[in-house]
Amino acid sequence: MSRYWSSLVHTLTPYVPGEQPRLPNLVKLNTNENPYPPSPRAVAAIRDELGESGETLRLYPDPSGERLKEAVAARYAAHGITPRQVFVGNGSDEVLAHAFMALLKHDAPLLFPDITYSFYPVYCGLYGVAHRTVPLDERFAIRVDDYLAQDCGAVIFPNPNAPTGCLLPLAEIERLLAGKPEAVVVIDEAYIDFGGDSAVALVARHPNLLVVHTLSKSRSLAGLRVGYAIGDAALIEALERVKNSFNSYPLDRLAIAGAVAAMADGAHFDATRQAVMRSRDTLTAGLAALGLEVLPSAANFIFARHPARDAATLAAALRERGIIVRHFRLPRIDQFLRITVGTDAQCATLLAALGEILQ
Ligand SMILES: *Cc1c(COP(=O)(O)O)cnc(C)c1O
């Protein structure tokens, strides 16, 4: 606290990301990073952009990231997406932040689940967004009827939800969009590439839909900081207005070059996400065999609890063995562990350690 702080800063409760320890040889299963390297074509494009001398870094990047918008639109060409329906930002967290200010702040409250991405209430605090949480059902599923039943200014949730991993079928999202045509609905699809159907398919029919994606998970580029949103051109214009009132150049030259190449490398994308999904099935079966209850996951992490053993104690015991997973001290979920799907070798190490701990 300091008397030099603005009154707003005194009220903030910032988001706390999962730790990034600098210890070597950790089995790091706590922040949903992809265990596989990014596309070699992305790495080559970053090297090309940098060149021998780094000469291009002298110049500002393209402020609107047009090449990346084109690459994203090309990836979703089957759904008729054009670059005017694409917004790009410095990680999807920045895209989401702009959406809170540009599209989710209204007199009527924003609705989101009681158990969800814990950055949402932080943005509400930063931007003064009125909001109300809607409880997930007893099986941790989003009930669309609960959202349709109340007045609201907008709706946001991840699909699959975080940190549960549970997927809401696309037909349910469309029912929400059709039932609330006056409200913007933001679907945060950070994990959609690990087994779900993207709501990008609904953008052409629903001008109130904004879909947010990241290259941090399924494209293995968390360190590059690139995210994007797809929606009606009017929604994208709102995001551009906020972005151009905040930072003209959110994406640097290396990020644009790497992201363009990553979006175009469908083969690497498919191979790595298939590998993650196969490992998820093996990990789920292994945890179930150890007596844990595992929620059905469509993401690159699983959410699991032991019926008799305390989750915080389990997380601490894993940590002593060099394995870090995420534990949230929050109502309803404080007995769960969120475990990122690693390589098969990492998953095997985790299962062996848990087996020992539970003995
Ligand atoms: C990881 C994650 C993000 C943030 O992704 P970045 O692009 O790395 O900022 C957004 N939403 C959810 C639900 C996430 O899990």
Side-chain angles (χ1 to χ4, degrees), residues 6 8-9 14-15 17 20 33-34 37-77 81-104 119 122-123 126-127 186 188 190 210-265 268-269:
S6 70
L8 172 65
V9 166
Y15 176 75
Q20 296 288 351
E33 287 137 332
N34 198 306
S39 157
R41 286 162 59 180
V43 178
I46 292 169
R47 288 214 174 92
D48 281 355
E49 178 67 32
L50 191 55
E52 271 303 305
S53 62
E55 160 74 10
T56 61
L57 294 185
R58 211 169 43 73
L59 303 172
Y60 281 108
D62 172 9
S64 60
E66 211 49 48
R67 277 172 65 217
L68 181 53
K69 291 183 177 184
E70 286 163 14
V72 170
R75 148 103 172 109
Y76 293 101
I81 300 302
T82 66
R84 284 183 59 236
Q85 293 168 299
V86 180
F87 177 80
V88 297
N90 191 267
S92 63
D93 284 339
E94 184 185 82
V95 176
L96 289 166
H98 291 341
F100 271 75
M101 187 185 252
L103 299 167
L104 301 181
F119 227 135
V122 175
Y123 294 133
L126 179 60
Y127 296 124
V186 174
D188 178 357
L210 188 78
V211 183
V212 178
H213 283 185
T214 174
L215 275 69
S216 296
K217 278 77 183 231
S218 58
R219 306 258 173 192
S220 309
L221 288 169
L224 202 63
R225 311 305 305 130
V226 183
Y228 60 86
I230 298 180
D232 188 75
L235 302 187
I236 300 304
E237 188 186 338
L239 297 174
E240 295 287 355
R241 290 176 70 121
V242 168
K243 172 255 178 194
N244 288 320
S245 308
F246 177 76
N247 179 358
S248 303
Y249 308 104
L251 287 179
D252 63 63
R253 285 178 170 274
L254 306 183
I256 292 171
V260 166
M263 291 307 296
D265 193 348
H268 180 87
F269 169 72

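FYI, the numbering just counts along the sequence from 1.
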For [X] and [Y], which heavy atoms make the closest approach, and how far apart are they?
X: A261; Y: A42; answer: CB-CA, 3.7 Å
X: A73; Y: P83; answer: CB-N, 3.7 Å
X: L224; Y: A259; answer: CD2-N, 4.1 Å
X: D265; Y: P40; answer: OD2-CD, 4.3 Å
X: A99; Y: L210; answer: CB-CD2, 4.2 Å

(message) With ring-ring contact (aromatic ring centres under 6.0 Å, His included) as the rule and sequence neighbours excluded, what pairs involving residues 237-260 come up?
(response) Y60-Y249, H98-F246
Kindly compute the distance separating [atom1] ([X]) from [atom2] ([Y]), expressed to the nearest 0.5 Å.
X: L221; Y: T214; atom1: CG; atom2: OG1; answer: 9.0 Å
X: L57; Y: D252; atom1: CG; atom2: CG; answer: 8.0 Å
X: I230; Y: L235; atom1: CD1; atom2: CG; answer: 12.5 Å
X: M263; Y: R67; atom1: CE; atom2: CZ; answer: 13.5 Å
X: L251; Y: N90; atom1: CG; atom2: CG; answer: 6.0 Å
X: R84; Y: D232; atom1: CZ; atom2: CG; answer: 8.5 Å

Beyond-backbone contact of [X] with [Y], side-chain heavy atoms, under 4.5 angstrom:
X: S218; Y: H213; answer: no
X: D188; Y: L96; answer: yes
X: F269; Y: S39; answer: no
X: D93; Y: R225; answer: yes

(message) Taking side-chain hydrogen bond (donor to acceptor under 3.5 Å, both in side chains) as the definition, give me every residue that meets it alongside R75, ordered by chain and number, with sequence neighbours left out.
(response) none
(message) Give me each pair satisfying side chain to side chain donor-acceptor pair (under 3.5 Å) with a member in residues 43-53, each pair once, sequence neighbours excluded.
(response) E49-T56, E49-R253
Flag, side chain of [X] to backbone of [Y], donor-acceptor distance under 3.5 Å:
X: Y123; Y: M101; answer: no
X: E94; Y: G91; answer: no
X: K217; Y: E33; answer: no
X: H268; Y: A262; answer: no
X: R219; Y: S216; answer: no

Results of side chain to side chain contact (heavy atoms under 4.5 Å, CB included) for [X] - residues two or more places apart only:
X: Y15; value: P17, Y117, S118, F119, V122, R326
X: V95; value: F87, V212, A229
X: R241; value: E237

(request) In sequence, state the C-alpha distance, the side-chain angles, and the governing distance for L126 and L8, and then conclude on side-chain contact (heavy atoms from CB on, under 4.5 Å). (result) CA-CA 8 Å; L126 179 60; L8 172 65; 4.2 Å; yes
